[in-house]
Amino acid sequence: MRKKYPFDVIEPKWQRYWLEHKTFAAREEPGKPKLYVLDMFPYPSGAGLHVGHPEGYTATDIYCRFKRMNGYAVLHPMGWDAFGLPAEQYAIDTGTHPAETTRKNIATFRRQIQMLGFSYDWDREVDTTDPSYYRWTQWIFLQLFKAGLAYQAEVPVWWCDGCKAVLANEEVNADGTCDRKGHKDVYRRPLRQWLLRITAYAERLLKDLDLVNWPESIKEQQRNWIGRSEGAEVDFRAENGEVIRVFTTRPDTLFGATYMVLAPEHPLVDRLTTAAQRAAVEAYRAAAAKKSELERTQLEKEKTGVFIGAYATNPVNNERIPIWVADYVMMGYGTGAIMAVPAHDTRDLEFARKFNLPVRVVVQPIDNSDPVGFTGDGISVNSGLITGLPTPEAKKKITAWLEEKGLGKATVNYKLRDWLFSRQRYWGEPIPIVHCVQCGPVPVPEDQLPLRLPDLADYTPTGTAEPPLAKATDWVRTSCPKCGGPGQRETNTMPQWAGSCWYYLRYLDPHNDRAFVDPAKERYWMPVDLYVGGAEHAVLHLLYSRFWHKVLYDLGHVSTPEPFLRLVNQGMILGEDNQKMSKSRGNVINPDDVVREYGADAFRMYEMFMGPLEATKPWSTQGLEGVYRFLGRLWRLYCDEDGTLVVDDSPPTPQLLRVLHQTIQKVTEDTESLNFNTAIAQMMIFVNEVTTQPARPRAVLEPFVLLLAPYAPHLAEELWEKLGHTGSLAYERWPQADPQWLRADTVEIVVQVNGRVRDKLTVPADLSATELEQRALASPRVQEFLRGCRVQKKIVVPGKLVNLVATREG
RNA sequence: GCCGUCGUGGCGGAAUUGGCAGACGCGCUGGACUCAAAAUCCAGUGGUGCUCAAACACCGUGUGGGUUCGACUCCCUCCGACGGCACCA
């Protein structure tokens with residue numbers, strides 16, 4: 001197909017120009033307002049760039065180019081989140097060193113990203129696998145360790161037989177399969193692990209969500225993940241004297257507790273079970289331990305459990321209630337034990353019905369509906385000292401009473417767990433710790449960082465819990481930095497999240513070898529003003545980053561409590577068949593093909609024209625062609641077939657000036673608010689309008705090039721040059737809309753009778769309300785509809801409409 | 001089950017504070033140019049009725065109701081889609 005304009009010449013030309021002139025190098029400029037615009041950096045996979053990547057990148061690029069032209073000092077960097085399993089798996093399969101695979105993939109990604117003409121400052125590129133980068137990832141880990149926020153523990157962790165590796169909780173799917181490869185044999189086994197004490201920051205991670213401008217859905221997901229709930233811990237005494245502590249959010253229902261439940265793993269089960277029940281309880285616990293999470297949560301809707309033979313005393317009424325063991329109570333939450341109030345808890349009610357346990361109503365709903373199974377707020381009944389109180393007051397009073405008697409206290413619980421931070425993999429940052437028999441875990445001295453990954457000949461997992469690094473025996477064997485005695489290096493590595501937790505800070509000062517970032521630079525650029533990326537990172541990446549950032553903040557290394565001020569999630573791009581793009585469906589669109597055939601500007605512009613940035617939307621090659629045709633039409637507005645400029649110096653008509661200034665106004669507003677699709681629609685209106693006119697006045701066409709520049713930067717640069725300018729337009733002043741041309745002299749007024757449009761009047765824009773009313777009533781069309789009616793009410797909105805409310809007479 | 005987001009032509013989508021629903025693009029139809037086609041340009045394009053057309057009327061933003069002079073927009077009910085969480089006491 002013949003090209004509609006020479007994008008294949010223009011685009012490489014300007015890309016070369018920008019790189020050679022370092023047009024987009026970011027500088028701290030005290031006189032200018034700063035703007036830090038960040039893309040979630042990609043994992044450079046072997047498959048190359050996907051059309052989803054450039055969606056967010058184009059959005060941020062447009063915004064950055066727009067803001068530069070509006071006088072901002074803009075920081076807009078790109079880099080690589082390059083540790084991770086695929087390169088390691090490839091090494092296992094082929095023997096190629098992951099570093100080499102990574103280098104190659106990065107080269108492909110860089111080429112593809114550069115061919116789209118994004119205005120990144122390439123001198124700030126970071127690569128998480130580069131020792132000069134991970135040196136500081138390790139350094140931050142040591143700060144966490146020294147602050148007591150990194151510790152080792154023997155924890156039951158998810159082990160995937162297929163990957164021969166430990167998985168993090170979040171890497172295990174709800175159906176019990178492995179998130180990476182879909183392996184089925186995933187189960188828990190206890191292993192020594194590194195954990196980060198993110199729970200110490202639960203409250204601040206929750207509260208500080210109020211400081212950021214993020215989509216409500218993301219904030220809500222983080223809140224749910226942190227899972228704060230207020231309640232009370234209450235001590236029940238078993239008959240043998242053991243104290244069973246429970247957590248409840250409804251201390252007001254204590255009088256309705258008719259039994260207790262311990263989690264199967266609860267340590268008191270052993271000590272409380274009576275001889276008669278021991279066999280049944282042991283059998284139940286053994287069965288529960290074997291159950292996968294899948295069985296325990298998904299399939300097992302029917303409650304199970306066993307009475308352990310023991311009783312406890314309800315502290316509020318001294319009632320004797322039986323103790324059961326059941327797997328609907330989890331050891332990992334609260335205290336692993338509950339008081340069961342079947343009348344006001346759905347799960348307890350199910351259990352009680354199945355095992356014929358008593359149900360006692362202690363909360364009366366306000367609307368007098370059935371109290372059994374009622375879990376909302378109401379009025380306490382049959383509840384001693386709190387009888388008659390509404391739920392919130394009842395909670396307060398009973399909690400105070402418990403505290404006074406030493407039987408319990410108000411408590412806050414979180415669902416959030418500590419972050420399992422070690423991986424039994426090769427291709428990750430080595431954890432800079434030496435294990436010494438004398439001194440325990442000892443940090444590698446900071447001046448010895450980076451602790452480099454040793455080369456291995458064989459990357460395959462050991463198959464045991466020993467990580468592959470254990471094979472590098474010379475590397476593992478070392479001396480203790482503290483006492484000089486024999487030591488062993490930690491062989492676990494960090495998870496992929498580690499490098500991405502702080503990369504936005506390294507961009508500020510990527511070549512600094514004395515600190516992870518220079519404090520002055522940090523203060524100048526932070527926080528990130530706009531962060532764009534996929535919603536799949538809603539919880540983990542963003543929560544982990546926020547956690548590290550807060551630790552660095554507390555240690556005085558960064559100046560803001562939150563890293564990312566504003567967050568926008570770009571939507572997914574589906575295939576033309578409205579399905580998720582995938583190789584197996586054969587609906588994958590390759591950016592290389594698109595750029596070869598239509599050019600980068602058309603690709604960028606189409607992705608922005610598809611719809612709102614946040615929306616999920618299907619790819620359409622015809623839609624792409626429509627945008628490509630538009631760019632061709634735009635080109636022909638300026639040049640004839642030989643590429644000779646046809647712009648003239650004729651005085652522009654008022655009509656053209658009006659559409660120009662409307663376009664300036666609309667494009668300015670919509671670019672600022674990231675509504676790129678409507679900004680492009682307005683540019684199309686402009687081009688359509690100019691096309692209908694014979695003249696090509698420079699006074700109108702030249703400012704339009706600047707409006708186009710953030711969207712189709714190569715085309716705009718080329719036209720700018722043809723118009724006689726030298727150098728790049730990247731820092732030209734953004735056009736200002738002249739209000740004179742936005743004001744309309746006359747407006748069209750809608751005249752309604754009973755809410756239906758019956759006539760339209762063209763009147764002077766500043767016509768008064770009374771005058772407007774007169775003219776509306778004088779309209780023959782309107783009079784026709786008013787015949788035989790009496791006007792009851794007149795609504796006059798100057799500049800907009802007149803509505804006459806009339807009723808039929810007689 | 002719970003939380004969140006969202007339902008607008010044949011399709012992607014627009015609509016400022018409650019004020020002409022369907023901007024812009026795709027597709028489709030007709031026309032110009034052409035030997036012909038492609039490309040390009042011009043015109044039309046929510047549905048229904050009125051024997052065609054014009055004019056006009058009525059219907060129309062997932063469903064049913066409500067508030068209002070007026071509802072895509074605000075409130076309630078239900079239905080559907082997508083995303084997240086999931087026995088969290």
Side-chain angles (χ1 to χ4, degrees), chain A residues 1-2 4 174 215-225 227-229 231 246-250 253 261 263 296-298 300-301 303 326-330 332-341 344-348 350-351 375 413-417 535-536 538-539 569 571-572 576 578 606 609-612 614-627 629-630 632-633 636 666 669 675 677-688 691-692 748-760 781 791-797 799-806:
Chain A
M1 191 175 58
R2 203 169 148 257
K4 297 191 198 306
E216 198 45 44
S217 65
I218 302 287
K219 287 195 193 185
E220 205 48 38
Q221 279 181 57
Q222 293 221 345
R223 288 190 193 108
N224 291 340
W225 192 265
R228 181 184 202 275
S229 58
V246 304
F247 173 72
T248 177
T249 55
R250 294 296 300 268
T253 62
V261 184
R296 201 159 153 171
T297 61
Q298 299 290 119
E300 197 88 0
K301 284 298 168 204
K303 297 276 182 291
D327 66 4
Y328 81 92
V329 173
M330 307 292 155
Y333 183 78
T335 61
I338 62 158
M339 63 169 196
V341 184
H344 306 296
D345 182 285
T346 318
R347 298 148 300 176
D348 296 345
E350 265 176 56
F351 192 82
T375 58
N413 242 304
Y414 300 91
K415 281 196 254 182
L416 185 69
R417 311 292 164 78
E536 65 274 19
V539 178
N569 292 122
M572 209 192 329
E576 301 217 47
N578 243 299
Y606 171 62
F609 188 62
M610 290 170 81
E614 298 90 336
T616 297
K617 44 217 178 279
W619 184 266
S620 158
T621 298
Q622 286 181 331
L624 167 67
E625 277 169 4
V627 170
R629 278 201 289 268
F630 161 69
R633 236 173 11 248
R636 292 197 304 276
K666 181 90 176 127
E669 283 172 9
N675 294 120
N677 54 333
T678 48
I680 294 169
Q682 182 62 41
M683 290 191 239
M684 289 172 169
I685 290 171
F686 174 87
V687 169
N688 290 346
T691 304
T692 62
E748 200 179 48
I749 298 292
V750 173
V751 185
Q752 299 178 331
V753 177
N754 291 329
R756 288 172 184 278
V757 180
R758 295 307 182 183
D759 200 7
K760 293 175 184 179
R781 283 271 304 142
V791 177
Q792 303 280 358
K793 198 169 173 184
K794 302 163 193 151
I795 290 106
V796 183
V797 184
K800 289 270 186 199
L801 60 66
V802 177
N803 188 11
L804 303 167
V805 185

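Each chain gets a letter, A, B and so on, in the order the sequences are listed, and its residues count up from 1. Keep in mind that what you see is a predicted model, and the values were worked out from it rather than measured.
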Contact class for [X] (heavy atom, under 4.0 Å): base, sugar-phosphate, or nothing?
| X | answer |
| --- | --- |
| A/K800 | sugar-phosphate |
| A/P215 | nothing |
| A/G626 | sugar-phosphate |
| A/S620 | nothing |
| A/I338 | base |
| A/E669 | nothing |
| A/T346 | nothing |

Considering only atom [atom1], compute the distance from [N] to [M] and round it to an integer number of Å.
| N | M | atom1 | value |
| --- | --- | --- | --- |
| B/rA21 | B/rG7 | C1' | 16 Å |
| B/rA38 | B/rA23 | P | 27 Å |
| B/rG30 | B/rG22 | P | 26 Å |
| B/rC3 | B/rG9 | C1' | 33 Å |
| B/rA89 | B/rG10 | P | 47 Å |
| B/rU8 | B/rU61 | P | 11 Å |
| B/rC26 | B/rU77 | P | 42 Å |
| B/rC85 | B/rG27 | P | 40 Å |

Taking the side chain of [X] as its heavy atoms from C-beta onward, which of [options] lies nearest to it?
| X | options | answer |
| --- | --- | --- |
| A/N688 | B/rG12, B/rU40, B/rC24 | B/rC24 |
| A/D327 | B/rC87, B/rG4, B/rC69 | B/rC87 |
| A/F609 | B/rC87, B/rA39, B/rC24 | B/rC24 |
| A/Y333 | B/rG4, B/rA89, B/rC3 | B/rA89 |
| A/T691 | B/rC85, B/rC42, B/rC69 | B/rC42 |
| A/K415 | B/rC69, B/rC85, B/rC87 | B/rC85 |
| A/R636 | B/rC87, B/rC24, B/rC41 | B/rC41 |
| A/Y328 | B/rA14, B/rA89, B/rC87 | B/rC87 |

State whether [X] places a side-chain N or O below 4.0 Å from either non-bridging phosphate oxygen (OP1 or OP2) of [N].
| X | N | answer |
| --- | --- | --- |
| A/K4 | B/rU40 | yes |
| A/S217 | B/rC3 | no |
| A/R758 | B/rA57 | yes |
| A/N675 | B/rU16 | no |
| A/N677 | B/rA14 | yes |

Could you check A/M339 against A/R633 and say which one's nearest nucleotide on RNA chain B is further toward the 5' end?
A/R633
Taking for each residue the nucleotide of RNA chain B bearing the nearest heavy atom, is the 5' side occupied by A/G623 or by A/T678?
A/T678
Taking the side chain as every heavy atom from C-beta outward, state whether A/D345 and A/F351 have any atom pair closer than 4.5 Å.
no
Hey, does A/V802 have a side-chain heavy atom less than 4.5 Å from the side chain of A/V750?
no
Taking pairing as Watson-Crick or G-U wobble with both contacts under 3.5 Å, can you name the mate of [N], or confirm there isn't one?
| N | result |
| --- | --- |
| B/rC85 | B/rG1 |
| B/rU16 | none |
| B/rU68 | none |
| B/rG80 | B/rC6 |
| B/rC58 | B/rG47 |
| B/rU40 | B/rA32 |
| B/rC11 | B/rG25 |

Looking at A/K219, I'd like to know if its NZ atom is crowded, meaning that more than 12 non-hydrogen atoms belonging to other residues, nucleotides or ligands lie closer than 6.0 Å.
yes
When the distance from [atom1] of [X] to [atom2] of [N] is rounded to whole Å, what number comes out?
| X | N | atom1 | atom2 | result |
| --- | --- | --- | --- | --- |
| A/R629 | B/rC26 | CZ | P | 5 Å |
| A/N224 | B/rA86 | CG | P | 10 Å |
| A/Q221 | B/rC82 | CD | P | 16 Å |
| A/K617 | B/rA81 | NZ | C1' | 17 Å |
| A/D759 | B/rA55 | CG | P | 15 Å |
| A/F686 | B/rG25 | CZ | C1' | 18 Å |
| A/I795 | B/rG18 | CD1 | C1' | 13 Å |
| A/E536 | B/rC82 | CD | C1' | 15 Å |

Partners of A/R636 by side-chain contact (heavy atoms from CB on, under 4.5 Å), sequence neighbours excluded?
A/R633
Might you point out which heavy atoms bring [X] and [Y] nearest each other, and give the distance in Å?
| X | Y | answer |
| --- | --- | --- |
| A/F247 | A/G334 | CB-CA, 4.2 Å |
| A/M339 | A/D348 | O-OD2, 4.0 Å |
| A/M330 | A/A263 | C-CB, 3.9 Å |
| A/I218 | A/A538 | CD1-CB, 3.3 Å |

A/Y606: which residues meet the ring-ring contact (aromatic ring centres under 6.0 Å, His included) condition with it, sequence neighbours left out?
A/W619
What distance separates A/L804 CG from A/K793 NZ, expressed to the nearest 0.5 Å?
12.5 Å
In B/rG22, glycosidic geometry as syn within 90° of 0 or anti otherwise:
anti
Indicate, yes or no, whether a donor-acceptor pair under 3.5 Å links the base of B/rC20 to the side chain of A/K760.
yes
